[in-house]
Amino acid sequence: MGKRTIPSALILLCLLSLLSDQGRKLQANAKEGAVDPPKVEDNIGAVPHGLQTDSDVVKRESDSISSRSLRNNAEKFEFQAEVSRLMDIIINSLYSNKDIFLRELISNASDALDKIRFLSLTDKEVLGEGDTSKLEIQIKLDKEKKMLSLRDRGIGMTKEDLIKNLGTIAKSGTSAFVEKMQSTGDLNLIGQFGVGFYSVYLVADYVEVISKHNDDKQYVWESKADGAFAISEDTWNEPLGRGTEIRLHLRDEAQEYLEESKLKELVKKYSEFINFPIYIWASKEVDVEVPADEDESSDEESSDSTSSEEGEDEADKSEDEDTEKKKTVKETTYEWERLNDVKAIWLRSPKDVTNEEYVKFYHSLTKDFSDEKPMAWSHFTAEGDVEFKAVLFVPPKAPHNLYQSYYNSNKSNLKLYVRRVFISDEFDELLPKFLSFLMGLVDSDTLPLNVSREMLQAHSSLKTIKKKLVRKALDMIRRIADEDPDEFSGKDEKDVEKSGDEDEKKGQYTKFWNEYGKSIKLGIIEDATNRNRLAKLLRFESTKSDGKLTSLDQYSSRMKSGQKDIFYITGMSKEQLEKSPFLERLKKKNYEVIFFTDPVDEYLMQYLMDYEGKQFQNVSKDGLKIGKDSKSRELKDSFKELTKWWKGTLKTEDVDEVKISNRLDNTPCVVVSSKFGWSANMERLMQAQTLTDASKQAYMRGKRILEINPRHPIIKELRERVVKDPEDEGVKQTAQLIYQTALMESGFILSDPKDFASRIYSS
């Protein structure tokens, strides 16, 4: 028995060892046959853990990333002194707004894509094949490693380019490339990395730049912004094919840039109109059906059954699988999501853009998603020394605070882009303040993409851009009037038909004037160069406009033969002015008088002195001429004694002169201002000012002139009484009372209302 037992035991041990060896081989084969998770580029959108890198990369990079130190085997370089100094300036002052680091990186990526696209025009092979040929920008984030990466498939950089472009400023591939391409006449292609690159150190304490140029190997540039950088051949990262990938290892205080929502917001704000698609590796929750867990207990019970029962259970289980209950759970997946889906319509020809596209673009640009369309738009390209493209819009409604902080606000509604990269909307030099209500953008290829607003403000090109923008803006506003059927007074019906859809454009300029008329008036005050062009856009009511708005051109067409002046009057309301005694004789002789009822009109008329050779005349001031009166000399002589006596009686009232009036018909007398002094309406406005200076008011108020109506019974009666007894106190009191009444009727404010009331009671 013992002899037989020993061989049996040996045989048993051998079998066990063979089984264990076979198990190890199967396990090893399973490991060798295992497939790594597919990379993003191999199967876009299908990888549930697209933010992870493979284990080999993690192992190779763990020491470098965790310690934030430069690789030991890398070639070390020192930054130029200018670069180190610039980085200090950027971090401490220019780049106080950290958000724009992403704008700068996307701009650089766009420039790199511009370069390779330009080269591909003559050599299609430079683009490569497959994913490498796709001209796009990709953004990924890794919350675990606190890393943000941005990749482009642009021209890429050689080792020499990395040293020059990221280590110095003076020697950049940008200027060399532009000089090389100047002979082609296309200057749109600009540098890959400029000053803006160094803004990455606002948010990162360690930066890697992985780049592959068609003419060189793939290299890694890395730096901690401590005065040094290192470059080494990349043998551990995934081959890029072509292009550049920038990895930012974010500071603790910059973790907000690891949020998808934050990155999407920044791209929408700064880089919405980049000419290449921008994608972000975005997470998305989807509903997935999985088996329910209610059969787990029954599975445990079935494991204790006999072999015969197991066979029956397996058969039953296979039948139940078909009718097994399912449940829906949320599962996170990742896919590329495009962020800049709005087409840059200003890069297209205006002939190729429909009205619907302009309206949609306006809503997207202004974030105004109401149903109202802009009143007008202008899409144009400026050529010459300064080249730029622009789209301007007139919003349907003025902002409620448009004039509340008119002279204190720097914000403009016009966005400045340089090569489709948003720079700022606070450049006063692009449009004057009176046109700040316009919405739109300017995209210049001439201006430098610079971080400093002050440097752009001092750029000579801005003056040229502003001049062309103002001219185009005024043409656009003028076009609203030209196409409005209500404005076609005295024109042929054929001209009206050419204006397009009458119903849609009818009354558009009246609507514009009600919203922005004050801006046109402010423009006349501020812009001497365009004063005449702006004057053509003025609208107002008059004694002959029948409650509608009229223009200076229409007024001129209705002027009487021999009329040299344009008559106007200022006041608080049209209803008040229509009853003014200053209009009596003018109405009787069929002269048209303009009503100015806006407070800014008083300032306006100090600057608008004439229009197309015709002078403006305020009918409430001295110097009004209405034809010739053959009896004026006789009347002046017959009332000479009264006018002289009355002036002496009013010596305490600061009356400069008493004379016969040529503007009155039914009123006994009025008080007018001297020609260059304030009108009664202007005096009222100035006295309402909070910080008014009384001494200056007395100087600007000027002298007052009492004009009497020699045909009025009261004036005739007063003359007779003065002839009888010039020293009669009753006559003097009456003369004083008549003057004060005329003063009030003429729009002036009584200096002593109590005295006036006492005279009324006494009379």
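In this chain, numbering begins with 1 at the start of the sequence shown.
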Nearest 0.5 Å, what's the [atom1]-[atom2] distance between [X] and [Y]?
X      : Y      : atom1 : atom2 : answer
His712 : Ile715 : NE2   : CD1   : 7.5 Å
Asn514 : Lys397 : CG    : NZ    : 12.5 Å
Leu642 : Ile660 : CG    : CD1   : 7.5 Å
Asp565 : Asp610 : CG    : CG    : 11.0 Å
Ile569 : Ser542 : CD1   : OG    : 13.0 Å
Lys716 : Asn709 : NZ    : CG    : 9.0 Å

Checking the side chain of [X] only, and the main-chain atoms of [Y] only, is there a donor and an acceptor separated by less than 3.5 Å?
X      : Y      : value
Thr667 : Cys669 : no
Asp486 : Thr510 : no
Thr597 : Gly571 : no
Gln740 : Leu737 : no
Glu584 : Asn666 : yes
Ser661 : Glu707 : no
Lys544 : Asn590 : yes
Gln576 : Met572 : yes
Asp484 : Gly507 : yes

Next item on the list: Kindly indicate, with the supporting measurements, whether the criterion side chain to side chain donor-acceptor pair (under 3.5 Å) is fulfilled by Thr550 and Arg558.
Entry: CA-CA 11 Å; Thr550 188; Arg558 294 192 293 261; 3.0 Å; yes
Notebook entry, point to check: Can you check side chain to side chain donor-acceptor pair (under 3.5 Å) on Tyr362 and Lys373, steps first, answer last?
Noted result: CA-CA 8 Å; Tyr362 166 79; Lys373 299 179 181 180; over 6 Å; no
Decide, yes or no, whether a salt bridge links [X] with [Y] under the criterion of side-chain N to carboxylate O below 4.0 Å.
X      : Y      : answer
Lys587 : Glu592 : no
Lys588 : Asp665 : yes
Arg533 : Asp527 : no
Glu641 : Arg719 : no
Arg704 : Glu683 : yes
Glu541 : Lys548 : no
Arg478 : Asp482 : yes

Notebook entry, point to check: Side chains of Ser620 and Asn618: do they bring a donor and an acceptor to under 3.5 Å?
Noted result: yes
Of all the heavy-atom pairs spanning [X] and [Y], show the shortest one and how long it is.
X      : Y      : result
Ala680 : Ser673 : N-OG, 4.0 Å
Lys589 : Lys560 : O-NZ, 2.7 Å
Leu750 : Pro753 : O-CD, 3.8 Å
Glu372 : Pro396 : CB-CG, 3.8 Å
Leu664 : Pro581 : CD2-O, 3.6 Å
Leu624 : Asn662 : O-ND2, 3.1 Å

Evaluate the side-chain proximity of [Y] to [X]: yes if any heavy-atom separation is below 4.5 Å, no if none is.
X      : Y      : value
Leu538 : Tyr611 : no
Arg471 : Asp475 : yes
Val655 : Ile705 : no
Lys468 : Lys472 : no
Lys614 : Met559 : yes
Ser674 : Lys621 : no

Note to self: Test: salt bridge (charged side-chain N to carboxylate O under 4.0 Å, His left out). Region: residues 644-657. Which pairs qualify, not counting sequence neighbours?
What the structure shows: Asp654-Lys703
Checklist line | Pairs flagged by salt bridge (charged side-chain N to carboxylate O under 4.0 Å, His left out) wherever residues 746-763 is involved - sequence neighbours left out | finding: Asp755-Arg759
Checklist line | Audit row: Glu745, Lys579, salt bridge (Lys or Arg N to Asp or Glu O under 4.0 Å) steps and yes/no | finding: CA-CA 10 Å; Glu745 188 179 17; Lys579 302 173 184 177; over 6 Å; no
Margin query: Test: ring-ring contact (aromatic ring centres under 6.0 Å, His included). Region: residues 510-563. Which pairs qualify, not counting sequence neighbours?
Written below: Phe437-Tyr516, Tyr509-Phe512, Phe512-Tyr516, Phe540-Phe596
Item checked: Sequence neighbours excluded, every pair satisfying ring-ring contact (aromatic ring centres under 6.0 Å, His included) that has a member inside residues 728-763 -> none
Check: Could you go step by step and tell me if Glu720 and Lys724 meet the salt bridge (Lys or Arg N to Asp or Glu O under 4.0 Å) rule?
Finding: CA-CA 6 Å; Glu720 293 176 1; Lys724 290 180 180 179; 5.8 Å; no
Margin query: Parallel, tilted or perpendicular, judged at 30° and 60°: which one describes the rings of Tyr591 and Phe567?
Written below: perpendicular
Item checked: Ring-face cation of Arg531 near Tyr607 (centre distance under 6.0 Å, axis angle within 45°) -> no
Checklist line | Chi angles and distances behind the salt bridge (Lys or Arg N to Asp or Glu O under 4.0 Å) call for Lys415, Asp443 | finding: CA-CA 9 Å; Lys415 299 179 185 295; Asp443 188 355; over 6 Å; no
Notebook entry, point to check: More than 12 foreign heavy atoms under 6.0 Å from CG of Asp385: is that the case here?
Noted result: no
Check: Do other residues, nucleotides or ligands put more than 12 heavy atoms under 6.0 Å from the CG atom of Asn355?
Finding: yes
Check: What residues form a salt bridge (Lys or Arg N to Asp or Glu O under 4.0 Å) with Asp601, not counting sequence neighbours?
Finding: Lys521
What donor-acceptor contacts under 3.5 angstrom involve side-chain atoms of residues 374-383, with partners at least two apart or in another chain?
residue: His379; atom: ND1; partner: Tyr358; partner atom: OH; Å: 2.6
residue: His379; atom: NE2; partner: Trp346; partner atom: O; Å: 3.3

Notebook entry, point to check: Should Ile465 and Leu430 be marked as a side-chain contact (heavy atoms from CB on, under 4.5 Å) after you check the CA-CA gap, both sets of side-chain angles, and the distance that decides it?
Noted result: CA-CA 7 Å; Ile465 293 176; Leu430 281 177; 3.8 Å; yes
